[in-house]
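Step one of this worksheet: look at the structure below.
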2 protein chains.
Amino acid sequence: MTRTAKTSGDHRDWVKKVEDICEANALQLTPLRRQVLELISRAKAPLGAYAVIDQLSQSRAKSVAPPTAYRALDFLVDHGFVVKIASTNAYAPCDHLGHHHHGMLLICNRCGRADEIENPKLDAVLAETAARIGFRPQRQVVEIEGLCGACGEAVAAPQALPNG
Amino acid sequence: MTRTAKTSGDHRDWVKKVEDICEANALQLTPLRRQVLELISRAKAPLGAYAVIDQLSQSRAKSVAPPTAYRALDFLVDHGFVVKIASTNAYAPCDHLGHHHHGMLLICNRCGRADEIENPKLDAVLAETAARIGFRPQRQVVEIEGLCGACGEAVAAPQALPNG
DNA sequence: GTCTGGTATGTTATAACATAACATATTGGA
DNA sequence: TCCAATATGTTATGTTATAACATACCAGAC
Ligand SMILES: [Zn+2]
Ligand SMILES: [Zn+2]
Ligand SMILES: [Zn+2]
Ligand SMILES: [Zn+2]
């Protein structure tokens, strides 16, 4: 299991790994792209594009236009460092760098966190189903919305909330 | 296998089935909702909300505001007659009326058609994976983009296109 | 050195998708 | 008839994303 929200150490490791992959493949991880990467990595939950824009604007004390953020996000998504969640139009760090595909996303409706899990069986079932009707898959989106473990317990045991 | 674009006969059968379900469950399939249902059913490919709005506006010779269409779409989606495709923000008829869930969607990037296929194995794999980390699923989105059979062949055999 | 072509970013404007809030109409039962 | 619920109309705005063009930057050719 992997988490979208990383500890400080995980965060640094993850960014470092992206840097290494970029270096190895001659990809330009520019300051802007790196800053967006960091924002997404540090966030507790997937970030919307306009949250990224707001944070960039704050950090520059000057408003940044949408294309600036979208282009950086596109770069990160195109190279598999970040995954765009179609259900929520938000961006999360990919927890399986270098695999050149994405696993299934489990998205909590209560706290917003997203976990990415790989499951070879899932890929096999999808491939088999597509093959059945002669369909050639290019990109897959598998997203499950629901309650994460912690939120599931919290909802089942509401007495845990303070009275006042 | 089922198709999003239906023949005239399929189309009528499908609308009739929705009517029957509404009658059996005391759901109000009003003229507006029925019109939107028909638009989606007749379309060759999933329709965006604004395509629906445009067609409603044309048919009334008067511009229809977004909430009118969105409310009808919400009704149809809430009751499982229509599925909203998260990847493309488009609406397609559900090919498995009455099942109270949706199967996986195979969306062609070339011609736009979408096929919905049910696969119990897929549901089992998703449930198992979620259970592994204590996640409680509420809604699932499984969408595969790629090339449908016909488009796959067309791309592989471009000489089929006329010369001039 | 400077020219040039490619890549990245900045800037302006607008397109595309979706909902909040409130008004009106319709319907079916008390 | 009156009421309450449901559905639709209307106005305004919020949210997400891209088109089109200008500028900056950098590496290699000449
Ligand atoms: Zn991933
Ligand atoms: Zn949660
Ligand atoms: Zn369905
Ligand atoms: Zn096709």
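Quick caveat, the model's predicted, so the values are computed rather than measured. Quick note on labels: first sequence line is chain A, next is B, and so on, each numbered from 1.
Side chains of I21(A) and L29(A) form no contact here, defined as non-hydrogen atoms less than 4.5 Å apart. Contact of the L73(A) side chain with the I40(A) side chain is registered, since non-hydrogen atoms from C-beta on lie closer than 4.5 Å.
When each of R33(B) and P66(B) is assigned the nucleotide of DNA chain D bearing its nearest heavy atom, the one mapping closer to the 5' terminus is R33(B).
Each salt bridge (Lys or Arg N to Asp or Glu O under 4.0 Å) pair with one or both residues in residues 120-131 of chain A, not counting sequence neighbours, appears once here: K121(A)-E128(B), E128(A)-K121(B). Applying the ring pair (Phe, Tyr, Trp, His ring centres under 6.0 Å) test to pairs two or more places apart or on separate chains, none has a residue in residues 113-143 of chain A. Applying the side-chain hydrogen bond (donor to acceptor under 3.5 Å, both in side chains) rule to pairs touching residues 65-90 of chain B yields S87(B)-E143(B), sequence neighbours excluded.
One finds the CG atom of D115(B) at 4.5 Å from the CD1 atom of I133(A) (value rounded to the nearest 0.5 Å).
Within 4.0 Å of T30(B), counting heavy atoms only, lie sugar-phosphate atoms of the nucleic acid but no base atom.
Residues passing the salt bridge (charged side-chain N to carboxylate O under 4.0 Å, His left out) test with R132(B): none are found, sequence neighbours excluded. In this structure Q28(B) satisfies the side-chain contact (heavy atoms from CB on, under 4.5 Å) test together with T30(B), R33(B), sequence neighbours excluded. In this view, S57(A) and I53(A), S63(A), V64(A) satisfy the side-chain contact (heavy atoms from CB on, under 4.5 Å) rule, not counting sequence neighbours. Under the salt bridge (charged side-chain N to carboxylate O under 4.0 Å, His left out) criterion, K16(A) pairs with D20(A), sequence neighbours left out. Looking at residues two or more places apart in sequence or on another chain, you find a ring-ring contact (aromatic ring centres under 6.0 Å, His included) between H101(A) and H99(A).
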Tabulate atom names and distances for all N/O pairs under 3.5 angstrom spanning the protein and nucleotides 25-29 of chain C.
none

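The stretch residues 54-64 of chain A touches DNA chain C through R60(A), K62(A), each having a heavy atom within less than 4.0 Å of the strand. Contacts with DNA chain D (heavy atom under 4.0 Å) in residues 70-83 of chain B: R71(B), listed by number.
For the pairing with E145(B), the side chain to side chain donor-acceptor pair (under 3.5 Å) check across R139(A), Q140(A), Q138(A) returns one residue only, R139(A).
On the nucleic acid side, DNA chain D contacts chain B at distances under 4.0 Å to non-hydrogen atoms, with the end points of that region at dT6(D) to dT11(D).
A donor-acceptor pair under 3.5 Å is formed between the side chain of E116(A) and the backbone N or O of G103(A).
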